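To keep things clear, I will list the structure first and then write my remarks on it.
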Amino acid sequence: MIKLSERLLAMEESATIAMSRKSRELKAEGVDVISLSLGEPDFNTPQFIKDAAFEAMNNNFTTYTPVPGYEDLREAISLKFKRDNGLDYDVNQIVVSTGAKQSIANVVMSVVNKGDEVLIPAPFWVSYIEIVKVSEGTPVIVNAGIESDFKVTPAQLAASITDKTKMIIFSTPCNPTGSVYSKEELRAMADVIKKHPHIVVICDEIYEHINFTSKHESLAQFDDVYEQVVTINGVSKAWAMTGWRLGYVGASKEIADACSKMQGQFTSAPSSISQKAAIAALKADPAILSDMINAFKERRELVLAALRTIEGIDINVPEGAFYAFPDVSYFYGKKFEGKPISNGSDLAMYLLNDANVALVTGEAFGDPNCIRISYAASADTLTEAMRRVKKSLEKLV
Ligand code: PMP
Ligand code: GLU
């Protein structure tokens, strides 16, 4: 009998992907499931991006590319970093990968040694923990609760750093909470980080453009931590390109070279066609995203308003991304037809079976009191989903 590796066995399946798989299976059985489980825009990739892909194929950009990505794509990313974020990343400090997920994995695999501690503020995106575990690092969770808008304080970070700390990973805007770190908050974080020059910080900015209240701020803008920070971004979310699998990193040349070496052995490079399409996306004026951002903002209002009508739910106001992360712990300990709901997983399963709405338990994101609702769906779908969720929650006694 084949025995799988301990590495694999110790790894959890991605909860977001598992839940969307479950809802797909139920749909195939004919159940009318509304899936708000996966963080995926419901818009189509804009036509001018698809056109660039057709052009790339017709011009035979269909062979292996340089491992860190085509030079013209990295030039477009370098200009994007300057234009949108005020960041100076030279072409040789940029590596393009098969999604931001691989970009993060490349960095962690390149930097973290067995036993190194990696600070992960919770709530966090599900994959951070597993990527760190596979890299034999030790995830150290720093809890930020709803009372602090789910953001860690510099004091918390400082108190969590030990001699073994090698890395910090966080996202802004945050998946799953929608929290956005202000320039002042990032500056205060930088004051802690700069005292530990051997620590690498992954700042995941994949939701950069989906920000409803303020200007996006990057941690790498501060010169005194620039060398320590790795900026992650990609085209999946803003440009509705999740299936094209293209993300990128801006980092010190040393880390960029390491990522290149790593992916040179794993995937060589992302698809040549996706790379050419991404050039069109990154050269476009982000102002054209305003309709999509406004649509997400309206949906946020719709979901928040609906959640506020349900007794017992507590919710922050997400400033970015497309998730709501309500505290639903009020319902733990209640029962449906004698069956107890003990935690977020029970509640998510109950809502899947009773309301036919797929959501993801907060446990997977490091906050067992909460549940994640992805509101990247039409207003009608969200209205119906929230109606069902409310009805099912009110049945619990
Ligand atoms: N970071 C965060 C916070 C995410 O939510 C996601 C989800 N897709 C990713 C990274 C990875 O994005 P992708 O691999 O699609 O570029
Ligand atoms: N990042 C998205 C999410 O959090 C997509 C799924 C995934 O890559 O895990 O749902």
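Note that the numbering runs from 1 along the sequence shown for the chain. Given the structure is predicted, the values throughout are model-derived calculations rather than measurements.
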If you draw a 6.0 Å radius around NZ in Lys50, do more than 12 non-hydrogen atoms from other residues or ligands fall strictly inside?
yes
Those residues at least two apart in sequence (or on a different chain) that pass salt bridge (Lys or Arg N to Asp or Glu O under 4.0 Å) with Asp116 are Lys166
Got a sec: does the CD of Glu301 have more than 12 other heavy atoms crowding it under 6.0 Å?
yes
For this session: Indicate whether the side chain of Asp51 and that of Gln47 have a donor and an acceptor atom separated by less than 3.5 Å.
Result: yes
What about Tyr248 and Phe61, same hydrophobic cluster or not, with Ile/Leu/Val/Met/Phe/Trp/Tyr joined at side-chain heavy-atom distances under 4.5 Å?
yes
Side chains of Pro318 and Arg300: does their closest heavy-atom pair fall under 4.5 Å? yes
**Study point:** 4.5 Å side-chain heavy-atom contact, Val317 and Asp149
**Key:** no
When you group the ILVMFWY residues by side-chain heavy-atom contacts below 4.5 Å and let the links chain together, are Val112 and Leu119 in the same group? no
Note, Glu71 side chain near Pro66 side chain (heavy atom, < 4.5 Å)
no
Heavy-atom nearest pair, Ala105 first then Ile131, reads CA-CG2, 3.7 Å
Taking the inter-plane angle between the rings of Tyr375 and Phe296 on a 0 to 90° scale, is it parallel (under 30°), tilted (30 to 60°) or perpendicular (over 60°)? perpendicular
Sorted by chain and number, sequence neighbours left out, salt bridge (Lys or Arg N to Asp or Glu O under 4.0 Å) with Lys390 holds for Glu394
Can you find a heavy atom in the side chain of Lys133 that is under 4.5 Å from one in the side chain of Glu12?
yes
Sorted by chain and number, sequence neighbours left out, salt bridge (Lys or Arg N to Asp or Glu O under 4.0 Å) with Lys391 holds for none
Exactly one candidate in Glu337, Lys395, Met349 meets side chain to side chain contact (heavy atoms under 4.5 Å, CB included) with Asp354; the answer is Lys395
Please report whether the ring centroid of Tyr226 lies less than 6.0 Å from that of Tyr89. yes
dist Glu217:CD -> Ser182:OG (nearest 0.5 Å) comes out at 8.0 Å
- Please examine the side chains of Met57 and Asn59, heavy atoms only from C-beta on, and report whether any two atoms are closer than 4.5 Å. no
Heavy-atom nearest pair, Ile313 first then Leu307, reads CD1-CD2, 3.8 Å
Does CD in Glu55 sit with more than 12 non-hydrogen atoms of other residues, nucleotides or ligands closer than 6.0 Å?
no
Going by chain and number, the hydrophobic cluster around Met1 (ILVMFWY, side chain to side chain under 4.5 Å) further includes none
Less than 4.5 Å apart, side chain to side chain, heavy atoms only: is that true for Ile120 and Val140?
no
Could you check Thr65 against Gln275 for side chain to side chain donor-acceptor pair (under 3.5 Å), going step by step and ending with a plain yes or no?
CA-CA 9 Å; Thr65 78; Gln275 289 191 47; 3.0 Å; yes
Practice problem: Examine Phe54 and Ile273 and state if one hydrophobic cluster contains both, with Ile, Leu, Val, Met, Phe, Trp and Tyr joined whenever side-chain heavy atoms are less than 4.5 Å apart. | Solution: yes
Heavy atoms of Thr62 and Ser272 approach each other most closely as CA-OG, 3.5 Å
When rounded to the nearest 0.5 Å, the distance separating CG of Asn106 from CD of Gln263 is 5.0 Å
Pairs under 3.5 angstrom only: tabulate donor-acceptor contacts from the side chains of residues 200-210 to other protein residues two or more places apart or in another chain.
{"unit_1": "Asp204", "atom_1": "OD1", "unit_2": "Ile206", "atom_2": "N", "d": "3.2"}
{"unit_1": "Asp204", "atom_1": "OD2", "unit_2": "Tyr128", "atom_2": "OH", "d": "2.7"}
{"unit_1": "Glu205", "atom_1": "OE1", "unit_2": "His216", "atom_2": "NE2", "d": "2.8"}
{"unit_1": "Glu205", "atom_1": "OE1", "unit_2": "Ser218", "atom_2": "OG", "d": "2.8"}
{"unit_1": "Glu205", "atom_1": "OE2", "unit_2": "Ser218", "atom_2": "OG", "d": "3.4"}
{"unit_1": "Tyr207", "atom_1": "OH", "unit_2": "Asn175", "atom_2": "ND2", "d": "3.4"}
{"unit_1": "Tyr207", "atom_1": "OH", "unit_2": "Lys237", "atom_2": "NZ", "d": "3.2"}
{"unit_1": "Tyr207", "atom_1": "OH", "unit_2": "Tyr323", "atom_2": "OH", "d": "2.6"}
{"unit_1": "Glu208", "atom_1": "OE1", "unit_2": "Lys80", "atom_2": "NZ", "d": "2.9"}
{"unit_1": "Glu208", "atom_1": "OE1", "unit_2": "Asn233", "atom_2": "ND2", "d": "2.8"}
{"unit_1": "Glu208", "atom_1": "OE2", "unit_2": "Lys80", "atom_2": "NZ", "d": "3.2"}
{"unit_1": "Glu208", "atom_1": "OE2", "unit_2": "Asn85", "atom_2": "ND2", "d": "2.9"}

For residues 254-275, the ring pair (Phe, Tyr, Trp, His ring centres under 6.0 Å) pairs (sequence neighbours left out) are none
| query | Side chains of Glu311 and Tyr330: donor-acceptor distance under 3.5 Å anywhere? | reply | yes
With sequence neighbours left out, the residues meeting ring-ring contact (aromatic ring centres under 6.0 Å, His included) with Tyr350 are Phe336
Within the 6.0 Å centroid threshold, strictly below: Phe150 and Phe325: yes
request  = State whether Asp257 and Lys261 are salt-bridged, where the test is any N-O pair (Lys NZ or Arg NE/NH1/NH2 against Asp/Glu carboxylate O) under 4.0 Å.
outcome  = no
Lys/Arg N to Asp/Glu carboxylate O, Arg21 vs Glu25, below 4.0 Å = yes
Evaluate Thr162 against Glu117 for side chain to side chain donor-acceptor pair (under 3.5 Å), listing each step before the verdict. CA-CA 8 Å; Thr162 71; Glu117 291 179 357; 2.8 Å; yes
Any carboxylate oxygen within less than 4.0 angstrom of a Lys/Arg side-chain nitrogen, looking at Glu184 and Arg187? no
Does the side chain of Ser378 pick up a donor-acceptor pair with the side chain of Asp380 at under 3.5 Å? no
By side-chain contact (heavy atoms from CB on, under 4.5 Å), Leu302 pairs with (sequence neighbours left out) Ala379, Leu382, Thr383
Checklist entry - Salt bridge between Asp285 and Arg83, side-chain N to carboxylate O under 4.0 Å? => result no
Discussion item. Taking the side chain as everything from C-beta on, heavy atoms only, tell me whether Phe124 gets closer than 4.5 Å to Asp367.
Written reply: no
Tabulate below the donor-acceptor pairs under 3.5 Å that side-chain atoms of residues 26-45 make, not counting sequence neighbours, or state none.
{"unit_1": "Asp32", "atom_1": "OD2", "unit_2": "Arg388", "atom_2": "NH2", "d": "2.7"}
{"unit_1": "Ser35", "atom_1": "OG", "unit_2": "Ser23", "atom_2": "OG", "d": "3.3"}
{"unit_1": "Ser35", "atom_1": "OG", "unit_2": "Ser37", "atom_2": "OG", "d": "2.8"}
{"unit_1": "Glu40", "atom_1": "OE2", "unit_2": "Thr242", "atom_2": "OG1", "d": "2.5"}
{"unit_1": "Asp42", "atom_1": "OD1", "unit_2": "Arg299", "atom_2": "NH1", "d": "2.9"}
{"unit_1": "Asp42", "atom_1": "OD2", "unit_2": "Arg299", "atom_2": "NH2", "d": "3.2"}
{"unit_1": "Thr45", "atom_1": "OG1", "unit_2": "Ala240", "atom_2": "O", "d": "2.7"}
{"unit_1": "Thr45", "atom_1": "OG1", "unit_2": "Trp244", "atom_2": "NE1", "d": "3.1"}

Is Lys194 atom NZ crowded by more than 12 heavy atoms from other residues, nucleotides or ligands, each under 6.0 Å away?
-> yes
Do Met189 and Leu87 belong to the same hydrophobic cluster, where Ile, Leu, Val, Met, Phe, Trp and Tyr are linked whenever their side-chain heavy atoms lie under 4.5 Å apart, directly or via other members? no
So, Ser214 versus Glu319: side-chain donor-acceptor pair below 3.5 Å or not? no
For Lys195, the salt bridge (Lys or Arg N to Asp or Glu O under 4.0 Å) test, sequence neighbours excluded, returns none
Quick one: do Lys276 and Asp72 make a salt bridge, cutoff under 4.0 Å? yes
Taken in chain and number order and not counting sequence neighbours, the residues that satisfy ring-ring contact (aromatic ring centres under 6.0 Å, His included) with Phe170 are Tyr181
Original post:
Will you find, in the side chains of Gln93 and Ser252, an N or O donor that is under 3.5 Å from an N or O acceptor?
Top reply: no
- Query: Do Ile199 and Ile168 touch side chain to side chain, with heavy atoms closer than 4.5 Å?
  - Reply: yes
Sequence neighbours excluded, the answer for ring-ring contact (aromatic ring centres under 6.0 Å, His included) partners of Phe48 is none
